[in-house]
Amino acid sequence: MNEELEQLLQELKSTLPWFLAAGIIVAGYYGVRKYVTERRAAASEIVSSAYTTDELEDAVSKFGSSKSGGLLRLRLAKSYFDAGSYESALEIYESLGEKAPDGFADVPAVGKAQCLEGLGKFAEAAAAYDAFVAANEKSYLALTAKLGSARCVAQNGDREKALAALEALKETIADDDIAKSRVETTIELVKRYEKRAERSLFDAADAAQKQIEGDSAKKEEPAAEEAKPEPAKTE
């Protein structure tokens, strides 16, 4: 009996490490799973609750690698774009590339073109818009890209070509009132667009100095009037 008990104890000693290891693996699996679930929930919540650029930057730093990271980065890119930080927005769109979240695959390409337009790189932006349309004619962003291309053509110096393209586009969507309205609005914008004359830094400095001198002269005029002696009264 003692021999059998001793043998059983020996078997337990030899198998116990395996049971402990299995227990650690199982516990680790569920621990990781719980962590991932909680992290996804937190990331999903922050997607809908973060609004300012600072909030979005913080969210991206914390959850950028999570399943919701793509959406957070898209929102941050838009926030940068709206604030005029086109370089920062462009960097995000380029980094996303084809890794955009489901349902947003077309956004980085059009966003990149919009950033180039914002930076004044009109020829490059028009080419990016046109390339997107050529590859994604049925995309919900195709019209946005076509309008962007026309704007860039106008801003690059060929307003007549841009207007001709817009008028032709208008004819193809005559039955879509919303799309037609967007085209008409862009036509009016292009008609009113006037390219600013390029000025050197010296011209700009000279104009600024003249403005300062003019403002100073206006401030001195009332003082000069007050300093004038009153005419002597004659009886």
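Bear in mind that the values here come from a model prediction, so they are computed numbers and not experimental data.
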Minimum-distance pair of heavy atoms, taken over all atoms of [X] and [Y]:
| X | Y | answer |
| --- | --- | --- |
| A154 | Y193 | O-CE2, 3.6 Å |
| A125 | L116 | CB-CB, 3.7 Å |
| F122 | E117 | CE2-O, 3.5 Å |
| Y129 | C152 | CE1-SG, 3.8 Å |
| A162 | V153 | N-CG1, 3.9 Å |

Can any side-chain N or O of [X] pair as donor or acceptor with the backbone N or O of [Y] at less than 3.5 Å?
| X | Y | result |
| --- | --- | --- |
| R159 | K191 | yes |
| N136 | S139 | no |
| T185 | S181 | yes |

Problem - Side-chain touch V133/S149, heavy atoms, less than 4.5 angstrom - result: no
Atom pair [atom1]/[atom2] of [X] and [Y] - distance to nearest 0.5 Å:
| X | Y | atom1 | atom2 | answer |
| --- | --- | --- | --- | --- |
| D177 | E184 | CG | CD | 9.0 Å |
| D106 | K138 | CG | NZ | 14.0 Å |
| L72 | S79 | CG | OG | 12.0 Å |
| T172 | K180 | OG1 | NZ | 11.5 Å |
| T186 | R151 | OG1 | CZ | 6.5 Å |

Practice task
Report the C-alpha distance between I178 and D176 in whole Å, list the side-chain angles of each, state the deciding distance to 0.1 Å, and finish with yes or no for side chain to side chain contact (heavy atoms under 4.5 Å, CB included).
Solution key: CA-CA 6 Å; I178 295 177; D176 189 335; 3.8 Å; yes
Problem - Residues which pass ring-ring contact (aromatic ring centres under 6.0 Å, His included) with F81, listed by chain and number, not counting sequence neighbours - result: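 In terms of ring-ring contact (aromatic ring centres under 6.0 Å, His included), with neighbours along the sequence ignored, F81 is linked to Y86.
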Practice task
Please answer: with hydrophobic residues joined when any side-chain heavy atoms are less than 4.5 Å apart, are L169 and F132 in the same cluster?
Solution key: no
Problem - Atom CG of D102 with >12 non-hydrogen neighbours under 6.0 angstrom - result: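 Not buried by this count: 12 neighbours or fewer within 6.0 Å.
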Problem - Stepwise side chain to side chain contact (heavy atoms under 4.5 Å, CB included) check, L71 with R75 - result: CA-CA 6 Å; L71 283 175; R75 288 195 59 198; 5.6 Å; no
Practice task
For side chain to side chain contact (heavy atoms under 4.5 Å, CB included), just list the numbers for L147 and L143, CA-CA rounded to whole Å, side-chain angles, deciding distance to a tenth of an Å, and then say yes or no.
Solution key: CA-CA 6 Å; L147 297 179; L143 178 59; 4.1 Å; yes
Handout entry: Cationic N near anionic O, under 4.0 Å, K112 to E124
Key = no
Exercise for the section: Run the numbers on V183 and K146 for side chain to side chain contact (heavy atoms under 4.5 Å, CB included), then give the verdict. Expected result: CA-CA 9 Å; V183 175; K146 290 175 182 178; over 6 Å; no
Using a 3.5 Å cut-off and no angle test, enumerate the donor-acceptor pairs between side-chain atoms of residues 89-97 and protein atoms at least two apart in sequence or in another chain.
from: S95; atom 1: OG; to: R73; atom 2: NH2; distance (Å): 2.8
from: S95; atom 1: OG; to: E91; atom 2: O; distance (Å): 3.4
from: S95; atom 1: OG; to: I92; atom 2: O; distance (Å): 2.7

